[in-house]
Amino acid sequence: MNKKHIKCWLWKILWGLAAAALISAWLSVVLKTAVVGIDPAFLLWNALILSSLAIAIKLDCTSCTTCEVPKV
């Protein structure tokens, strides 16, 4: 597997985990109970950190056929 493909999958996985953490936190706040048994503030921090890592990896991508990012 190519190193660029690993980076593409990694940022997609991190982005998905961040989205899941954010949705879980929102549901915890709306339902006023811990959805997955974790504090909503912890989930929000996880969403922030995971999305920051995903963005940093995505910005490093210069040219890839997997995510079809044109070379600048």
Side-chain angles (χ1 to χ4, degrees):
M1 184 174 249
N2 193 350
K3 191 175 190 178
K4 288 190 178 210
H5 295 303
I6 292 171
K7 284 173 57 176
C8 285
W9 283 108
L10 182 62
W11 79 261
K12 289 176 185 177
I13 291 169
L14 288 172
W15 197 254
L17 289 173
L22 183 63
I23 291 169
S24 297
W26 282 344
L27 285 175
S28 293
V29 170
V30 169
L31 299 175
K32 294 182 176 60
T33 182
V35 174
V36 291
I38 302 173
D39 185 41
F42 181 75
L43 289 171
L44 285 172
W45 276 107
N46 278 330
L48 177 68
I49 292 168
L50 290 171
S51 62
S52 298
L53 291 172
I55 290 170
I57 292 171
K58 181 63 178 166
L59 288 176
D60 190 40
C61 186
T62 55
S63 178
C64 183
T65 57
T66 302
C67 54
E68 298 176 5
V69 174
K71 189 171 185 169
V72 288

Problem - K12 to W9 six-membered ring, cation-pi geometry met (6.0 Å, 45°) - result: yes

Output a table of donor-acceptor pairs, distance under 3.5 Å, between side-chain atoms of residues 45-57 and any protein atom two or more places apart or on a different chain; print 'none' if there are none.
| unit_1 | atom_1 | unit_2 | atom_2 | d |
| --- | --- | --- | --- | --- |
| N46 | ND2 | F42 | O | 3.4 |
| S51 | OG | A47 | O | 2.9 |
| S51 | OG | L48 | O | 3.0 |
| S52 | OG | L48 | O | 2.8 |

Practice task
Under the side-chain contact (heavy atoms from CB on, under 4.5 Å) rule, collect the residues that match up with L44, sequence neighbours excluded.
Solution key: L22, A25

Handout entry: For V35, all residues meeting side-chain contact (heavy atoms from CB on, under 4.5 Å), sequence neighbours excluded
Key = L27, S28, L31

Practice task
Decide whether I23 and I38 are clustered together by the hydrophobic rule: side chain heavy atoms of Ile, Leu, Val, Met, Phe, Trp, Tyr closer than 4.5 Å, transitively.
Solution key: yes

